[in-house]
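Here the structure is laid out as structure tokens; the discussion comes afterwards.
We're numbering straight along the sequence, starting at 1.
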Amino acid sequence: MLDVLPVLRSFVVALVGAAVCVWLRTPLPWLIGPLVAVALVSMLHGRLASPPGGRQVGQWVIGVALGLYFSPDVVREVGRLAPWVALAVVFALALGLLGSWLLARSVPTDAATSFFGMAIGGASEMAALAERHGGRVDRVAAAHSLRIMLVVLIVPLLLNAFDVHGLDPYVPSARDFSWAGFALLAAVTGGAALAMRRIGSPNSWMIGPLAAAALVTATGHTLSALPTAVINGGQLLIGIGLGVRFTPEFFRSAPRFLGAVAAITLVYLVLAALFGWLLARGSGLHWSTSIVATTPGGIGEMALTAKALRLGVPIVTAFHALRMAAVVLTVGLAYRGWSRWKRERAGVV
């Protein structure tokens, strides 16, 4: 039976955190506020819990909201950028290899844990692959949780501090809310999420609704906009889902390992910023959009950052969605090739 009190406490803490961030005028107050507040209280033995299915609902909301940006003109622009997206995927794979090597040099860890723990992919997918290859699932999941939290906290606040706003603005195609249109949009995108989950797609509650809403919008249909309150609620649910992962045991379990992950994440951010700046020079994107598009964070979190700062939301979304799909599909093969190369090199030596 579900214990309701930890869930209720999570909502109260998350709302307080959001209110504080709104008052402080931070970027992404409905994501950063709940994430930080819930994580802090959870680490102080606050006994918090995410509502069942809450993170999935939050992902569905954000996926739909992002899909509404993909007008026919935006789809053509994404097509133009396809070679640069492919280059960004290669960069993400190379960054993961570098991170794996740095982690293995920093702390004693097995190959599968270091490889999948530092790959730029989804936490659940990387943890599953690590388990399949004999890695430490708990450490891989912890590494990804810490990386995402650091990226969510650092990138929006840093861009906001430098007053990077509205330099590459896009707007959703649907401007007005319609109950009938919203009901149809919910049915179509919810069905897409269930279909993607059935075929085993990674991050199905984000990718399915995003793809369905983008398809509807790209064909020139505008069923309904999403109310701001709904989008804020989706961010709050994602913030709670991320925050409850940070229990008192989280940092006590392997402090040296997590310290190394934090340091490598900072290296990731610096290298990704340099790569994003170079990519902007070649692709014609604004440098701010390009940097957010290549930052090693999650789809939802980085797209929300772009939305909050008005930095090319559909472009950032496309880069991260395609990067995640490519990494999930290729990282297992990359690990086997990397392991074979290490064995052959050890044999030669």
Side-chain angles (χ1 to χ4, degrees), residues 18 21-22 24-35 55 57-71 73-75 77-78 81 148 151-177 185 189 203 205-207 209-214 216-218 222 224-239 241-242 276 285-324:
C21 282
V22 168
L24 293 174
R25 297 184 179 180
T26 69
L28 293 175
W30 289 91
L31 174 65
I32 291 177
L35 169 57
R55 181 165 168 77
V57 172
Q59 290 177 320
W60 169 78
V61 169
I62 302 308
V64 173
L66 298 176
L68 296 179
Y69 282 86
F70 284 82
S71 66
D73 288 341
V74 167
V75 171
E77 176 67 3
V78 171
L81 293 168
I148 293 297
V151 170
V152 168
L153 292 179
I154 292 172
V155 175
L157 294 175
L158 195 59
L159 290 173
N160 190 62
F162 283 97
D163 198 28
V164 180
H165 294 87
L167 299 177
D168 198 4
Y170 287 82
V171 295
S173 294
R175 304 289 184 87
D176 301 317
F177 177 76
L185 186 63
T189 55
N203 214 349
W205 284 94
M206 176 75 72
I207 297 296
L210 169 58
V216 169
T217 306
T222 53
S224 175
L226 287 188
T228 301
V230 173
I231 297 175
N232 290 343
Q235 295 180 61
L236 182 138
L237 288 170
I238 291 176
L242 289 172
L285 288 173
H286 193 277
W287 65 266
S288 57
T289 296
S290 184
I291 286 175
V292 177
T294 55
T295 293
I299 304 172
E301 294 83 9
M302 291 301 95
L304 285 170
T305 298
K307 179 177 172 60
L309 301 176
R310 290 180 291 143
L311 300 175
V313 177
I315 305 303
V316 171
T317 301
F319 266 79
H320 281 284
L322 294 171
R323 181 263 306 162
M324 191 209 71

For the student: nearest non-hydrogen atoms of [X] and [Y], plus distance:
X      : Y      : result
Cys21  : Gly33  : SG-CA, 3.5 Å
Leu304 : Gln235 : CD1-CG, 3.7 Å
Leu31  : Gly239 : CD1-N, 3.8 Å
Val61  : Ile231 : CG1-CA, 3.9 Å
Pro27  : Leu157 : CD-CD2, 3.7 Å
Thr317 : Ala303 : OG1-CB, 3.4 Å

For Thr217, run the side-chain contact (heavy atoms from CB on, under 4.5 Å) check against Val75, Leu68, Thr222 and tell me which one passes.
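One option only clears the test, and that one is Leu68.
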Run through Val316, Val313, Leu309 and flag the one making a side-chain contact (heavy atoms from CB on, under 4.5 Å) with Thr289.
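For Thr289, the side-chain contact (heavy atoms from CB on, under 4.5 Å) test succeeds with only one of Val316, Val313, Leu309, which is Val316.
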Are [X] and [Y] side-chain neighbours, meaning at least one heavy-atom pair lies under 4.5 Å?
X      : Y      : value
Val230 : Pro227 : yes
Val22  : Trp30  : yes
Arg55  : Leu242 : yes
Met302 : Val151 : yes

The criterion is side-chain hydrogen bond (donor to acceptor under 3.5 Å, both in side chains); which residues satisfy it with Asp73, sequence neighbours excluded?
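Testing Asp73 for side-chain hydrogen bond (donor to acceptor under 3.5 Å, both in side chains), a comparison that skips the adjacent residues, returns Arg76.
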If you measure from [atom1] on [X] to [atom2] on [Y], what distance do you get to the nearest 0.5 Å?
X      : Y      : atom1 : atom2 : value
Glu77  : Ser71  : CD    : OG    : 10.5 Å
Leu210 : Phe70  : CG    : CZ    : 5.5 Å
Leu81  : Leu322 : CG    : CG    : 11.0 Å
Asp176 : Ser224 : CG    : OG    : 8.5 Å
Thr26  : Leu28  : OG1   : CG    : 7.5 Å
Leu226 : Leu66  : CG    : CG    : 9.5 Å

Test side-chain contact (heavy atoms from CB on, under 4.5 Å) applied to Ile291 and Val155, step by step:
CA-CA 10 Å; Ile291 286 175; Val155 175; 5.9 Å; no
Does anything in residues 294-307 pair up under side chain to side chain donor-acceptor pair (under 3.5 Å), and if so which pairs, sequence neighbours excluded?
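The answer is Tyr69-Lys307.
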List the residues meeting side chain to side chain contact (heavy atoms under 4.5 Å, CB included) with Leu237, not counting sequence neighbours, and say none if there are none.
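If we apply the side chain to side chain contact (heavy atoms under 4.5 Å, CB included) test to Leu237, skipping adjacent residues, the hits are Phe11, Pro51, Val57.
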With a 3.5 Å distance limit and no angle check, can you tell me whether Thr189 reaches the backbone of Pro209 through a side-chain donor-acceptor pair?
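No: the side chain of Thr189 does not pair with the backbone of Pro209.
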Whether the side chain of His286 engages the backbone of Leu311 through a donor-acceptor N/O pair (distance < 3.5 Å, no angle test) should be reported.
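Absent.
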